[in-house]
Amino acid sequence: MRWSKALIPTLKETPADAVAPSHVLLLRAGMIRQLGAGAYTYLPLGFRVLHKAVAIIREEMDRAGALELLMPALQPVELWKESGRYDDYGDLLMRLMVSKSHPMALGPTHEEVVTEMARGLVRSYKQLPLTVYQIQTKFRDEPRPRFGVVRTREFLMKDAYSLGTNVQQLNVSYDAMFEAYCRIFDRCGVPYVVVEAESGPIGGDSSHEFMVPCSTGEDKVIQCSSCGYAANQERAEIGEPVAATLVVESNPAACQSVPTPGKRTIREVCEFLGVPESESAKLLVYMADGKPIAALLRGDHELNEAKLRRVAGAVAIAPADPAEVEKATGVPIGFLGPIGIKIPLYIDRAVASLSRLVVGGNALDVHTVNVIPGRDFPVPAVYDLRNAQEGDPCPRCGKALAIKAGLEIGHVFKLGTKYSRAMGARYLDEAGREVEIVMGCYGIGVNRIIAGAVEASHDKAGIVWPLALAPYQVVIAPLQVKNDAVMERTAAIEHALEAAGVDVLTDDRDQRPGVKFNDIDLIGIPLRVVIGERGLKDGVIELKWRDQAAAETISAEGAAEAILSRLATAMSRRAGECADRQRARNAAKSS
RNA sequence: CGGGGCGUAGCGCAGCCUGGUUAGCGCGCCUGCCUUGGGAGCAGGAGGUCACCAGUUCGAAUCUGGUCGCCCCGACCA
């Protein structure tokens, strides 16, 4: 491709609206352009990158035995009502009227459609297991799209669904998809960590997320550097604290009510009383399936709603509003405490290990000090209720956990029979009995692979694409486009590379070298070939890798062959790294 | 949905507080000259319903009210 014939609208300045590095650079490199909030055009260069990712995904899904198909984005809302997600999914579901009065939805995901298909097509255990996938546009009415291509209302997703007769088949399918995902992201050259994840409203038993570590990530990843434990903060467990020597005073003071007029928040109360927040406890009231429950946490800790939901055995929980709190406890919000509380109380482990704390006094403008858990209120049991923090003990090995931001690019779930039960998708087993299909679902955000690659790999000058995703593998920059010798040499190398199947971009613009170099760095093409009068006089041209500082001079004669061999070396090195990682995974699995 | 910010040429911005000729600047774009190994220089030029609607006024980019759009933080989120 000749640059002069291409559409590559690079930007010198950063558009005011862009903040995240991937957003800024994809915009500046002329890869995307915004149409509206959460809606982006992929310009030719960006579309090529998307295609490269799609091609890799397709190869690996096919290799894993998944069958590609294409389901409609336009879906009857009846299906969503049948599965129960019409309500659960809420406003995120993009609804519209067809033929003026017929309500439909644009698919945010396709469990319903797959299950509908399965109940029509799958009759016998002999047809199972089966995994299908598609690469298709999804729609979600995101309340807040952000960071360019990271969270949009319309995005490209690879979604796969496994159908099996039982949990064993599900586990085999799940493992195959898990492995395919590792291969996909390895091949794309995007760094990632696999974390245990909360399965969320999609339901199901088990789930892993694939995260690109980067500051733009919207999730928090908890990781143990010692044993390799990694989990989404939503899910991360906290290990038993190292048995701290509890300072038990020989003659502890009795608890005592103190006035705290107008002090409602932990910060206000602790500041007012001159007590560290870590020696206070807060009582949070939640509505669990419509009934009030309470959680007691250390003042400086954060409640993990998923943990509380599990402990309480509830389907759904939500913070109680002030009116519900007062109705359930008789106490105005801000002064709640565990002493004498009437609703079911779940106590976080960290609270029980405190020897003295400040709690709400269960009356307006009152708190209670010198409270000792177990003495002043019962502690029948303790739970892990809070979000893991930096430095908390690892649940596996007890070493300190670290926390960092991660961008979710892939997610695998074991759904079980959630959808097949709700929608009646059954097969006949060997004994002729009707049995619900056991399902799994597996998603990759294709756009997020692009965003994640840029987040993980860029410098001051611009994007540094991994070879596998780059819109073009090689860029040729003839420096004097009016010099016949330069242009003949350029064309010769260009044609030789293209004939060998290499994606080549030739910057034939009549621009000064500085302009070309800066644009080339910005769009991030891995290998740059510079052909100039000066070098040609000595019979040489220059090669430079985008991710390396130094350039290399090679003979102009046989340059194409030299470039091809360097590309081949780079690709086989990458393939070797992927193979090494796969071996490491296999070794870890068998051990 | 709560909080904050912004909307003036393709991009980045000034002007607005204190209303007053033809609304400016830089980059980019077009033409010519010149230059050519890291975003050159000179000259000429094109490009704007000042987001939209209503109001105040002799007069509105500027003041008032409303609407819409976009960004950020939070809530939310397979």
Next item on the list: Could you tell me the separation between the CE atom of A:Met94 and the C1' atom of B:C77, rounded to a whole number of Å?
Entry: 14 Å
Check: Checking all strands, does A:Asp91 fall into the base, sugar-phosphate, or nothing category for heavy-atom contacts under 4.0 angstrom?
Finding: nothing
Next item on the list: Give none if B:U36 has no partner; otherwise give the nucleotide forming a Watson-Crick or G-U wobble pair with it, both distances under 3.5 Å.
Entry: none
Check: At under 4.0 Å between heavy atoms, what does A:Asp159 touch on the DNA or RNA strands: base, sugar-phosphate, or nothing?
Finding: nothing
Check: Is there a Watson-Crick or G-U wobble partner for B:G74 with both distances under 3.5 Å, and which nucleotide is it?
Finding: B:C1
Next item on the list: Could you please name the partner base of B:G24, counting Watson-Crick and G-U wobble pairs only when both distances are under 3.5 Å?
Entry: B:C13
Margin query: I want to confirm an ordering. Mapping A:Arg146 and A:Ala20 to their closest nucleotides on RNA chain B, which one lands closer to the 5' end?
Written below: A:Ala20
Check: For A:Tyr419 and A:Arg85, does a side-chain donor sit closer than 3.5 Å to a side-chain acceptor?
Finding: yes
Checklist line | Partner nucleotide of B:A46 by Watson-Crick or wobble geometry (both distances under 3.5 Å) | finding: none
Next item on the list: Could you tell me the separation between the CZ atom of A:Arg151 and the P atom of B:C72, rounded to a whole number of Å?
Entry: 12 Å
Considering only nitrogen or oxygen atoms on both sides, find all protein atoms under 3.5 Å from nucleotides 29-36 of chain B and state each distance.
from: B:U35; atom 1: O2; to: A:Arg512; atom 2: NH1; distance (Å): 3.1

Check: Heavy atoms under 4.0 Å, any strand shown: does A:Glu218 hit a base, just sugar-phosphate, or nothing?
Finding: nothing
Item checked: Integer-rounded Å distance: B:G26 C1' and A:Leu11 CG -> 14 Å
Check: Across the strands shown, which category fits A:Pro9 at heavy-atom distances under 4.0 angstrom: base, sugar-phosphate, nothing?
Finding: nothing
Next item on the list: Enter the distance from A:Leu308:CG to A:Ile317:CD1 here, rounded to the nearest 0.5 Å.
Entry: 4.0 Å
Notebook entry, point to check: RNA chain B: A:Ile444 or A:His23, which has the more 5' nearest nucleotide?
Noted result: A:His23
Notebook entry, point to check: Between the side chains of A:Glu234 and A:Asn304, does any donor sit under 3.5 Å from an acceptor?
Noted result: no
Item checked: Interatomic distance at P, B:C72 relative to B:U57, whole Å -> 41 Å
Next item on the list: Let me know the distance between CZ of A:Arg144 and C1' of B:C1, rounded to the nearest Å.
Entry: 12 Å
Notebook entry, point to check: How would you label the contact of A:Pro15 with the nucleic acid (heavy atoms, under 4.0 Å): base, sugar-phosphate, or nothing?
Noted result: sugar-phosphate
Check: Base, sugar-phosphate, or nothing for A:Phe147, non-hydrogen atoms under 4.0 angstrom?
Finding: sugar-phosphate
Check: Which part of the nucleic acid, if any, lies within reach of A:Arg28 when heavy atoms closer than 4.0 Å are counted: base, sugar-phosphate only, or nothing?
Finding: base
Check: Paired with B:C63 by Watson-Crick or G-U wobble geometry, both distances under 3.5 Å: which nucleotide is it?
Finding: B:G55
Notebook entry, point to check: Just checking A:Val515: base, sugar-phosphate only, or nothing, at a heavy-atom cut-off of under 4.0 Å?
Noted result: base
Checklist line | Rounded interatomic separation in angstrom, taking NZ from A:Lys12 and C1' from B:G28 | finding: 8 Å
